[in-house]
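Below you'll find the structure, written out as structure tokens, and then a few comments.
Numbers restart at 1 for each chain; the letters A, B, ... are given by sequence-line order, proteins then strands.
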Amino acid sequence: MDSDVEVTQSMIHCGTRTRPVLAGAVHTGRQLVLFREGVGRMVAEALRTAAGIRLAVSSDFGGSAARTDLALGEGLLFERVGAALIHGDPDQARSLACRANQRAFIVEPERYVRASGTVRPVSAAALPLGDTAFETWGLKAIQVLSSRYSGRGIRVAILDTGFDLGHPDFAGRSIVSQSFVAELPVEDANGHGTFCAGVACGPQQPGDAPRYGIASAAELHVARVLDDEASGTDGNVLAGIDWAVGHDCAVISISLGSPVYLGDGYPEVYEHVAARALAAGSLLIAPAGNESQRPDTIAPVEHPANCPSIIAVGAVDQSLKVAPFSNGGLNPNGGEVSLVAPGMAIVSAAPRPDLYQVGSGTSMATPFVAGVAALLAEAHPQARGAALRDLLLEAFRELPAPVRDVGVGLVQAPQ
Amino acid sequence: MTSRTESQRQQGPDRSLSRVKVAIAVTDDARNQIDQVAAACRRLGLEHTSTLAGVGVLLGSVELGDLPKLRSLPRVAAVEIKREARVCALHGQSR
């Protein structure tokens with residue numbers, strides 16, 4: 001019988017994944033315990049008798065919402081989703097799960113969720129959003145204009161088709177650049193890279209367009225990894241990541257990818273690289289991909305965004321609905337959408353002589369998230385790598401759409 | 001006896017068909033010994049083009065048939081055939 005088993009330190013750690021307490025995250029002091037699917041009443045009974053925790057079951061509350069104002073030593077089991085909320089210390093939570101013989105689970109501190117606590121969300125009545133004389137609809141949707149942060153002191157790398165180094169909107173800005181494409185300069189003959197750099201790091205007051213950029217004071221680092229036809233190889237991309245990590249870029253935006261099939265795993269080399277980048281203080285952000293044709297077809301999140309250590313960004317339109325092309329979280333183990341950002345009819349910078357262009361795609365959504373990550377990095381100087389990633393995933397507005405399509409929700413700028 | 005790698009190298013046109021570009025991640029504990037890992041990979045047929053020391057990756061090309069040998073090397077965490085990446089934009093137009 002499970003409850004007869006003596007809980008030892010080694011058992012507590014066997015099969016248990018404990019999420020670390022994150023720098024910058026605000027925790028309630030309670031613990032969330034996630035169990036394997038299929039946990040039912042029998043396990044609930046075992047949990048009730050274990051470790052002295054008084055455990056209620058949410059379905060016992062009938063049609064009314066279960067109370068979650070737990071006293072110390074109390075817990076609440078959400079059996080339908082296979083999770084429990086426990087007001088005790090982490091060891092107590094692990095002990096509970098081990099006694100119930102549920103080895104595949106996660107214990108993590110419960111956090112305060114701030115979907116709209118620090119920002120004023122765009123009201124539903126204001127949808128669909130449109131560009132104004134002062135800002136593009138995308139900046140309005142993610143609350144950039146009211147943010148007090150500008151990315152000052154933060155290095156943001158854009159790995160793409162290069163950049164128009166002479167663009168007048170970036171005059172006087174410090175830009176570090178490097179081409180990893182043989183025989184091609186950093187100068188952008190395609191426009192995609194200039195677009196992405198514009199969204200992530202464009203100025204507060206552009207010359208002849210509404211404001212389109214987010215981290216206006218960030219230190220822009222441009223790595224050209226794609227050719228004039230906007231394609232390249234993994235080798236160039238990995239070289240660009242290596243360069244950006246070496247330049248201490250807190251944020252690395254890579255608006256590129258290649259399709260995967262349903263059931264595919266993530267690329268191991270990229271995952272190693274992304275995890276090492278995180279450990280070195282650099283957060284990678286990549287697009288979910290544009291292979292879907294909603295509502296008929298949803299394609300899985302692409303490579304390399306399907307790596308667990310890379311933020312995968314989906315796209316929404318001006319009504320904050322999932323863009324028809326935006327890929328979904330169909331594959332497990334990293335193939336989920338992390339969050340979404342504006343990705344339809346986006347205005348940004350273009351290489352001279354055009355200066356401005358309009359684009360759509362998860363490529364366009366990705367630098368929105370990169371720009372917000374730079375604002376967060378400025379707001380939380382100690383949060384880098386995994387800590388910055390976790391802050392980013394707490395800075396969202398909930399959307400009425402499946403997690404499969406929007407992850408935690410719409411990214412929001414810190415205020 | 002000529003090894004498979006050596007024989008294929010001598011075969012001109014066939015070589016380009018069977019040779020693939022690869023990215024090799026070394027294990028975490030071997031990142032400060034990446035040059036030694038590169039040397040071991042070269043002995044197994046890797047045409048080594050660059051080392052990304054900051055993230056612990058070797059780039060190069062290899063005969064397709066030599067991939068399993070590379071993957072089984074100590075201090076090699078992963079070997080993957082490089083693929084083409086392209087942007088995730090639908091269209092763009094001047095404003």
Side-chain angles (χ1 to χ4, degrees), chain A residues 160-161 190-193 195-196 209 225-226 229-239 241-243 245-246 254-258 267-277 280 286-290 302-305 325 327 347 350 354-366, chain B residues 16 19-35 37-38 41-42 46-62 64 66-95:
Chain A
D160 213 291
T161 59
N190 177 279
H192 190 272
F195 187 109
C196 292
V225 299
L226 302 175
E229 283 68 52
S231 68
T233 65
D234 282 340
N236 291 347
V237 179
L238 292 169
I241 295 171
D242 184 63
W243 176 82
V245 170
I254 47 175
S255 280
L256 49 84
S258 55
E268 285 187 71
V269 170
Y270 265 92
E271 174 55 20
H272 279 283
V273 167
R276 288 165 185 171
N290 305 334
E302 290 189 352
H303 152 107
F325 51 77
N327 289 357
V347 173
D354 293 334
L355 294 183
Y356 305 104
Q357 59 183 324
V358 181
S360 296
T362 51
S363 268
M364 284 64 218
T366 297
Chain B
S16 62
R19 201 161 186 87
V20 291
K21 291 183 176 179
V22 292
I24 301 168
V26 303
T27 55
D28 283 335
D29 58 1
R31 286 175 63 187
N32 59 355
Q33 304 163 335
I34 195 166
D35 290 339
V37 181
C41 291
R42 283 194 296 268
L46 175 72
E47 196 168 282
H48 179 202
T49 55
S50 55
T51 298
L52 309 177
V55 291
V57 169
L58 303 167
L59 301 177
S61 64
V62 69
L64 204 51
D66 289 336
L67 279 174
K69 285 190 288 185
L70 278 182
R71 289 189 170 119
S72 66
L73 264 181
R75 298 180 292 180
V76 166
V79 181
E80 284 177 347
I81 298 173
K82 289 196 284 183
R83 55 177 119 183
E84 187 168 334
R86 47 106 185 96
V87 299
C88 296
L90 294 184
H91 52 78
Q93 61 188 65
S94 299
R95 181 170 167 268

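In terms of heavy atoms, B/Cys88 sits closest to A/Leu256 at SG-C, 3.9 Å. Scanning all heavy atoms of the two residues, the minimum distance from B/Ala89 to A/Ser363 falls at N-OG, 3.5 Å.
Contact count against chain B (heavy-atom pairs under 4.5 Å) is highest for A/Gly232 among A/Gly232, A/Pro267, A/Ala280, A/Ala365. If you tally non-hydrogen atom pairs under 4.5 Å between each of A/Val225, A/Val273, A/Ile254 and chain B, the highest count goes to A/Val273. The greatest number of non-hydrogen atom pairs below 4.5 Å with chain B, out of A/Ala274, A/Gly289, A/Ser258, A/Gly257, is found for A/Gly257. Chosen from B/Lys21, B/Glu84, B/Glu80, B/Lys82, the residue pairing most often with chain A at heavy-atom distances under 4.5 Å is B/Glu80. The greatest number of non-hydrogen atom pairs below 4.5 Å with chain A, out of B/Leu52, B/Val79, B/Ile81, is found for B/Leu52. Interface remark: of the candidates A/Pro304, A/Ala275, A/Ala239, A/Ala239 forms the most heavy-atom pairs closer than 4.5 Å to chain B.
With rounding to the nearest 0.5 Å, the separation of CZ in B/Arg86 from CD in A/Glu302 is 4.5 Å.
Neither the backbone nor the side chain of A/Ala277 comes within less than 4.5 Å of any heavy atom in chain B. With a threshold of 4.5 angstrom between heavy atoms, A/Ala209 approaches chain B through its backbone and through its side chain. Residue A/Glu229 does not touch chain B at all, counting heavy-atom pairs closer than 4.5 Å. Interface remark: B/Ser50 contributes no atoms to any contact with chain A (heavy atom separation under 4.5 Å). Using a 4.5 Å cut-off between heavy atoms, A/Ala230 contacts chain B through both its backbone and its side chain. Of the two parts of A/Asn190, neither the backbone nor the side chain holds a non-hydrogen atom closer than 4.5 Å to a non-hydrogen atom of chain B. For A/Leu226, the part lying under 4.5 angstrom from a heavy atom of chain B is the side chain only.
Under the 4.5 Å side-chain criterion, counting only non-hydrogen atoms from C-beta, B/Val87 is not in contact with A/Ser255. Between A/Val269 and B/Val57, the closest side-chain pair of non-hydrogen atoms falls below 4.5 Å. Side-chain atoms of A/Arg276 and B/Asp28, non-hydrogen and from C-beta on, do get closer than 4.5 Å to each other.
A side-chain contact (heavy atoms from CB on, under 4.5 Å) with A/Asp242 is found for exactly one of B/Val55, B/Thr51, B/Leu59, namely B/Val55.
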